[in-house]
Colleague: 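Have a look at the structure that comes next, please.
Chain letters run A, B, ... following the sequence lines, proteins first, then strands; residues in each count from 1.
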Amino acid sequence: MSFLTGAAALLWVLGGFFFLSGTVGLLRFPDTLSRLHAVTKADNLGLGLILLGVAVHGASVVLAAKLLLIWMLALLAASFSAHLVARSHLRDEASRDG
Amino acid sequence: MSQPELFVLVAAVVFSIGVYGLLSRPQLVRRILALNLMGNGVFLLLVAFARRNPDTIDPVPQAMVLTGIVIAVSATGFALAIVRLLYRETGEAGLGENRAP
Amino acid sequence: MTAVALGMATFLLLNLAAGLLRVYRGPSGADRIIAAQLFGTTTVAMLALLATVTAQPGLFDVALVFVLLATVLTVAFVRLPSRSQEREQ
Amino acid sequence: MAELLGWVFDALLALALLLLAARVVFSPRLFESIVLFIVFGLLMAIAWARLAAPHLALAEAAIGAGITGALLLSTFRELVIGRTPSPEAPRVLVYRWHGLMALLAGGLFAVLGWALLSIDVPTGPVAGEQAMALLARTAVDDAVTAVLLDFRAYDTLLEMGVLLLAVLGARAALGSQGPASSDDLWTDGEGDTPMVGALVGMLSPLIIIMAGYLLWAGAYGPGGAFQAGAVLAALGVLLRLTGRIVPAPRAGVVQRGVLVIGMGVFTLAGLLTLATGRAFLQYPESLAYPMILLIEVALTLSIALPLVLLFSGSAGIAAGRSQHSP
């Protein structure tokens with residue numbers, strides 16, 4: 001196993017760890033907003049690490065650029081989604097109390 | 001069990017679940033979902049069949065399924081439009097809910 | 001190396017299956033949509049790994065389409081009227 | 001090792017698909033069913049990837065993530081909005097033949113599974129191999145695109161007909177009642193959030209570029225008119241959801257033209273080939289590539305607009321006012 005494949009494997013395992021923590025957070029955290037926080041942060045870090053691993057394994061600049069684009073878009077989507085879902089959740093809470 | 005055989009079995013079970021849902025659920029949107037499950041079962045079957053010979057990938061079933069996916073989504077859109085019309089006219093989106101048992 | 005990638009993909013699939021419990025439990029619609037987002041991210045990661053394993057570069061395009069359209073579902077969800085998400089149908 | 005792991009992955013995937021399908025049907029909450037159906041679509045994309053069908057994974061991604069989910073959620077929205085909870089519990093109808101149906105569905109499964117597994121793997125030349133042999137003579141390198149637009153172009157032509165009919169049907173059902181939701185609920189009293197403008201501004205050009213890329217990629221790999229059209233339609237859905245486009249009571253000449261241009265160009269190409277003494281839609285070799293490209297562009301537009309109209313539930317669409325929060 002060369003250095004690159006070893007690095008890729010290490011990155012994948014690290015990414016898998018963040019996915020696992022995201023899932024644990026989704027299942028174990030007590031309320032909606034903290035679950036949202038767990039999923040948005042941990043998962044996208046995990047995705048980034050796994051994509052980085054794929055890029056290292058592929059060892060091609062074009063592929064790496066594409067993977068970077070995928071990750072940036074995933075971050076974009078995650079932050080907008082988190083904002084919108086949190087906002088709609090707070091609105092629901094307000095209408096329930098009010 | 002080889003990969004195509006596994007997915008052929010999945011296709012058959014998904015199709016049957018779809019049939020059961022289509023026949024037994026009174027909520028119309030859920031019936032539409034069940035119909036889509038049936039469609040996905042058929043698609044899976046066609047593509048799994050195309051995979052039985054591992055050396056060649058048969059493009060014909062894949063093209064047919066591609067056509068099928070677009071037709072399924074247009075049929076779903078049409079069916080949901082009818083459900084919305086029914087709801088606007090009657091205030092119900094299920095079968096039999098407003099009738100005496 | 002193929003084995004490591006496939007093992008990771010299997011691990012991610014298990015992760016996804018565990019997350020289904022949150023869709024089952026809810027309690028609010030927001031929780032279910034959050035879980036669906038997690039599944040979307042997981043699917044993208046699995047597609048990238050499978051693309052490496054099976055040498056299907058087309059799968060990277062699939063991942064790209066998934067992340068491009070990931071927000072459509074959320075925007076559709078936040079247009080639901082307040083508190084309707086929990087109402088039984 | 002890798003083979004075993006591949007098998008384990010497939011088995012898990014199969015199990016998850018079955019679990020999701022069952023829960024879509026059996027869940028007591030419609031919202032949960034809808035979310036699970038969307039997740040089912042995600043896993044179907046993985047299944048297509050495992051079955052070496054990246055075209056289908058792409059179509060599933062574009063349609064499942066972009067259109068089906070939004071269509072289901074907005075129907076759900078219309079079903080729950082303004083619904084006054086009735087004092088009596090909703091009566092759930094239990095059919096008398098419930099058990100029999102389950103039994104029949106199970107029997108159907110058994111027969112299907114048995115029949116399908118006992119079909120022999122063909123040893124002679126299959127249709128796919130013939131298509132592969134013919135592929136050498138066509139203008140495009142990708143087998144699936146070649147099948148769709150060359151060998152089995154009839155399927156695609158008629159599919160456009162089905163799509164058009166679905167739009168006309170939906171319009172007949174909903175169009176007479178004016179715009180589906182005149183209350184454009186994005187704002188719901190609070191005003192637009194500035195984030196939405198930024199989101200639409202960033203995503204729209206990227207999605208359009210992606211659609212163009214997919215259209216171009218279809219000539220030699222996964223991609224093509226279907227996927228490009230579905231991605232464009234998803235952009236339309238996003239714009240519709242954020243109030244950038246609004247339903248219109250009638251479609252203008254341009255929109256009607258776009259609705260039929262796919263079928264029109266396709267049929268015209270077929271008639272031209274007939275007029276020059278060939279079979280219907282048998283392109284002359286020298287013109288095959290430009291003809292297929294032209295048809296693909298027309299198809300992309302004629303797939304995208306009907307899907308947006310189906311989502312909007314109206315006869316036409318119009319540009320909405322852009323909403324900025326103060």
Side-chain angles (χ1 to χ4, degrees), chain B residues 3 5-10 12-21 23-27 29-30 33-34 36-37 40 44-45 47-48 50-53 56-60 62-67 69-71 73-78 80-85 87-88 93 95-97 101, chain D residues 10-11 14 17-18 21-22 24-25 30 33 37 44 47 51-53 55-56 59 63 67-68 71 75 78-79 90-93 95 98 101-102 105-106 108-109 112-113 116-117 121 126-129 131-132 143-144 147-148 152 155-156 159 162-163 166 169-170 173-174 177 226 303 310 313:
Chain B
Q3 189 195 36
E5 283 173 345
L6 177 70
F7 280 102
V8 163
L9 274 180
V10 173
V13 181
V14 167
F15 184 83
S16 313
I17 291 173
V19 171
Y20 176 75
L23 292 178
S24 70
R25 307 265 92 189
Q27 223 292 328
V29 177
R30 203 189 304 272
L33 290 180
N36 271 298
L37 286 180
N40 272 313
L44 205 52
L45 175 84
V47 176
R51 270 295 273 181
R52 282 180 311 167
N53 189 345
T56 57
I57 295 164
D58 190 344
V60 177
Q62 291 198 18
M64 283 163 71
V65 170
L66 207 49
T67 311
I69 288 177
V70 177
I71 289 185
V73 72
S74 49
T76 305
F78 178 46
L80 288 175
I82 294 176
V83 172
R84 278 149 85 166
L85 177 67
Y87 181 72
R88 286 180 198 174
L95 290 181
E97 282 175 26
Chain D
D10 285 342
L17 281 172
L18 295 183
V24 164
V25 166
L30 184 58
S33 287
F37 185 74
M44 281 301 285
L51 288 166
H55 287 81
L56 301 179
I63 287 179
I67 299 159
T68 312
L71 204 56
T75 304
E78 186 151 335
L79 295 188
R91 201 179 295 126
V92 176
L93 188 77
Y95 286 98
H98 220 252
M101 282 177 213
L108 187 68
F109 153 63
L112 267 176
L116 296 176
L117 286 178
V121 177
V126 291
E129 282 171 13
M132 288 301 222
V144 176
V147 170
L148 279 173
R152 293 184 64 95
D155 289 0
T156 310
E159 175 207 343
V162 171
L163 197 50
L174 296 174
Q177 309 209 337
F226 294 80
I303 286 171
L310 271 177

Colleague: Could you give the distance from CE (D:Met44) to CD1 (B:Ile69), rounded to the nearest 0.5 Å?
Modeller: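 Going from the CE atom of D:Met44 to the CD1 atom of B:Ile69 covers 7.5 Å.
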Colleague: How long is the straight-line distance from CG of B:Leu80 back to CG of D:Leu71, given to the nearest 0.5 Å?
Modeller: 5.0 Å
Colleague: If you tally heavy-atom pairs under 4.5 Å against chain D, which of B:Thr76, B:Val70, B:Ile82 wins?
Modeller: B:Val70
Colleague: Run the side chain to side chain contact (heavy atoms under 4.5 Å, CB included) check on B:Leu44 and D:Leu51 step by step: do they pass?
Modeller: CA-CA 9 Å; B:Leu44 205 52; D:Leu51 288 166; 4.0 Å; yes
Colleague: Could you pull out the closest heavy-atom pair between D:Ala21 and B:Val14, with the gap in Å?
Modeller: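 Residues D:Ala21 and B:Val14, closest heavy atoms: CB-CG2, 4.3 Å.
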Colleague: Search all heavy atoms of B:Phe7 against all heavy atoms of D:Ala47 and return the closest pair with its distance.
Modeller: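 Heavy atoms only, the tightest pair is CE2-CB, 4.0 Å.
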Colleague: Please report the shortest heavy-atom distance between B:Arg30 and D:Val24, naming the atom on each side.
Modeller: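 It is NH1-O, 3.4 Å.
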Colleague: Against chain B, label D:Leu18 side chain, backbone, both or neither, depending on which of its atoms sit under 4.5 Å from a heavy atom there.
Modeller: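 Both the backbone and the side chain of D:Leu18 come within 4.5 Å of chain B.
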Colleague: With a 4.5 Å heavy-atom cut-off, do B:Tyr87 and D:Thr75 have their side chains touching?
Modeller: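 The answer is no, as the side chains (C-beta and beyond) never meet within the 4.5 Å cut-off.
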Colleague: What heavy-atom pair brings D:Ala14 and B:Val10 nearest, and what distance separates the two atoms?
Modeller: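 Smallest heavy-atom distance, with atoms named: CB-CG2, 3.3 Å.
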Colleague: Testing the basics here: between B:Ser74 and D:Val162, what is the closest heavy-atom pair and its distance to 0.1 Å?
Modeller: OG-CG1, 4.2 Å
Colleague: Working to the nearest 0.5 Å, report the span between OG1 of D:Thr156 and CG of B:Leu66.
Modeller: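 If we round to the nearest 0.5 Å, D:Thr156:OG1 and B:Leu66:CG are 8.5 Å apart.
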Colleague: Counting heavy-atom pairs under 4.5 Å to chain B, which of D:Leu56, D:Leu17, D:Ile303 comes out on top?
Modeller: D:Leu56
Colleague: When rounded to the nearest 0.5 angstrom, what is the spacing between CG in B:Leu37 and CZ in D:Phe37?
Modeller: 5.5 Å
Colleague: So which atom in B:Gln62 and which in D:Ala52 form the shortest heavy-atom distance, rounded to 0.1 Å?
Modeller: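 The answer is NE2-O, 3.3 Å.
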